[in-house]
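A short worksheet on the structure shown next.
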Amino acid sequence: MSNFELSEQEGIRRNSLKRLRELGINPYPAAEFEVNATAKEIKENFVAEKKNYQEIVFAGRIMSFRIMGKASFAELQDHTGRIQIYVNRDEICPGEDKTMYNEVFKKLLDIGDIIGVKGFVFTTQTGETSIHIKEFTVLNKSLRPLPIVKEKDGKTYDAFTDPEQRYRQRYVDLIVNPHVKDVFIKRTKIINTMREMFNEYGYFEVETPILQPIPGGAAARPFKTHHNALNIPLYMRIANELYLKRLIVGGFEGVYEFAKDFRNEGMDRTHNPEFTVMEIYVAYKDYKWMMKFTEEICERVALALHGTTKVQLDDKIIDYKAPYPRVTMTEAIKEHTGYDISGKDEKELRDICDKLGIETDPSMGKGKLIDEMFGEKCEGNYIQPTFITDYPVEMSPLTKKHRENPELTERFELMVNGKELANAYSELNDPIDQRERFEDQLKLSEKGDDEAMFIDQDFLRALEYGMPPTSGMGIGIDRLTMFMTNSSSIQDVLFFPQMKPEKKAVELTEEEKLVQGLLKAKSPVDLVELKTATGLSNKKWDKAIKGLTSKKVAKVEKNDDGLFVTLV
RNA sequence: GACUCAGUAGCUCAGCUGGUAGAGCACAUCCCUUUUAAGGAUGGGGUCCUGAGUUCGAACCUCAGCUGAGUCACCA
């Protein structure tokens, strides 16, 4: 980057960097800097154990400065929080040379720099636990000014809030908005809690392919890519279900994976093109067992995060205390629309949709019609955790038919706050039935459903060797995190949500280049003469000359003879 | 994909019926001995998102575009 593009503050910081080097201070030292305390533990423990904090070594980023004559205060932030430091000139610089304080500390350091300090902990007159420092070490010179967020009495000033900047520059967001970090700490805690529970049960964490020749296990549009050496198309996985079931065939009795899935679909507040799903498959279990297991997951996660099963979400309290109500899809539709869908054919279902004011199109089969009814009229009503069970067979091509009614499947979704949180089945292990279901999907695809599933011959081959009765469940980690951290947008629970690329900064425009060319021939030159020579319209001339002056390419000066333009 | 709103200094935001920009913080210079978003004084800093149009004149009006947010549509 050339120098004239730097803002004033960036220029000043680069000059400070240069000056530090001139003083023999390495602004980017290589050596280990071993700390022996964190901001959090000092603030929590100092008052009770004063003796333990007489020789501490601490490192952090400078977040505020209060410089006075011979004494200054600053706040340092480490991964646990912030703590104040007190700096006294004559202690930092015991001899005659006061450079370390007067120049280095007061002038060359900026908010955003990272320093290490040695000293002792004390309490100021105003009662703030602080580090009285004896020496400091520059660990990193920051070249960009940080947005400064201030807070007093719970009121925040100058908050860094622009969502675009927060998501694009998450590193800045994390530095200045401490609550952002909390969300991600909770996200990891959710995953750890689940992993611990599954391991306790003796289940086995595995990894399965992300690049797949046939994207299976869900109804969604995949991302397509290409493998050069094999010269074949490959797809990014939309689910890991079919691979995990192959492992059950292979003899594992409980497998799970925290998986990144990819779907080439719309983006909004609740959808990111890549997202995390936990899928688990357990042999010799059914979907009824899985409901209890899912309840235990939710309960344990809520307790691990909040110490209670009651979790705030918007203006509601969601209680994850088990057990949750079980409502069949037929009951749910009956309750919220008044129509009984049991035993109805496609035409009758379409008529009901019409009466309910639900739009349909000819590509929709029975399953899709029922799904629409549920999605439009029922889903939103289930705020507290509720299992919706026994989905129509057309909607669930990988699910075992219901033991009592072949029109239905042994499937449940866990609804929370009107949204799907988890999805589970008694897995279909009848290879002949599975092949027929895939063929039905193919028919849907021919009818125009671009999300219908492909036939995975290898998966069918695996089932033909025999898979024990198995129950599987998938849970959206992003959505669970949103629920557990009261976040209204998926972007708030992803470190780096997908964004459109940033636009490149434009260089000189055509008009500016024209003016620059004329200036190279003659400079300084009378402004009116130059303008006439360009032949530009008033507006274009104005833009061009302002552009050049702002980029410090040209300069306009006024003297007694008039206005003159000079090439810089 | 449709509609609504927004884009002005490093950050948060003003900016009147159209007359080429302001504040606070941040930054710089100077003064100041344990201060609490904020000591005092002075000063510098701008592609008003981009382009075109209307106009004597556009941050402001019109059109197109870019980016983001929200609502809806699509969608496990």
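The sequence lines fix the lettering, A, B, ..., with proteins before strands; numbering per chain opens at 1.
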**Q.** Any Arg166(A) side-chain N or O less than 4.0 Å from OP1/OP2 of G68(B)
**A.**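 Answer no for this pair, as no side-chain N or O of Arg166(A) is under 4.0 Å from OP1 or OP2.
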Q.
Below the 4.0 Å mark, does U35(B) have OP1 or OP2 next to a side-chain nitrogen or oxygen of Gln84(A)?
A.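 Checking U35(B) against Gln84(A), no side-chain N or O comes under 4.0 Å of OP1 or OP2.
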**Q.** Interatomic distance at C1', G44(B) relative to U29(B), whole Å
**A.**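 The answer is 10 Å between these two C1' atoms.
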Q: Rounded to whole angstrom, note down the C1' distance from U55(B) over to U20(B).
A: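 The answer is 14 Å between these two C1' atoms.
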Q: Please determine, for A21(B), whether a Watson-Crick or G-U wobble partner exists with both distances under 3.5 Å, and give it or none.
A: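 Partner of A21(B): none.
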**Q.** Mate of U36(B) where both pairing distances stay under 3.5 Å, Watson-Crick or G-U
**A.**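 Checking every strand shown, U36(B) finds no partner, since no pair has both distances under 3.5 Å.
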Q) What does nucleotides 21-33 of chain B look like as a protein-contact string, B for base, S for sugar-phosphate only, - for none, at under 4.0 angstrom between heavy atoms? A) ---BSBSS-S-BS
Q) Can you tell which of C75(B), U12(B), U34(B) lies closest to the side chain of His132(A)? A)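 Nearest to the side chain of His132(A) among the choices is U34(B).
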Q | Side chain of Glu372(A) - closest among C11(B), C75(B), U34(B) | A |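 Between C11(B), C75(B), U34(B), the one nearest the side chain of Glu372(A) would be C75(B).
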Q. Per the ring-ring contact (aromatic ring centres under 6.0 Å, His included) rule, which among Phe412(A), Phe387(A), Tyr382(A) passes with Tyr324(A)?
A.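 Exactly one option meets the ring-ring contact (aromatic ring centres under 6.0 Å, His included) with Tyr324(A), and it is Phe387(A).
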Q.
Measure CZ/Arg82(A) against P/U35(B) and give the value in whole Å, please.
A.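 About 20 Å, once rounded to whole Å.
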Q | Cationic N near anionic O, under 4.0 Å, Glu379(A) to Lys419(A) | A |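 Answer for the salt bridge query: no.
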Q: Describe the nucleic acid contact of Tyr167(A) in one word from base, sugar-phosphate, nothing, applying a heavy-atom distance below 4.0 Å.
A: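 Since only primed, P, OP1 and OP2 atoms lie under 4.0 Å of Tyr167(A), the category is sugar-phosphate.
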Q) Base, sugar-phosphate alone, or nothing: which one does Glu379(A) contact when heavy atoms must sit under 4.0 Å apart? A)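 Touches nothing.
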Q: Kindly state whether the ring of Phe105(A) and the ring of Phe65(A) have centres lying under 6.0 angstrom apart.
A: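 Between Phe65(A) and Phe105(A), which both carry aromatic rings, the centre distance is below 6.0 Å.
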Q) So which one's nearest nucleotide on RNA chain B is more toward 5', Arg269(A) or Arg66(A)? A)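 Its nucleotide being nearer the 5' end, the pick is Arg66(A).
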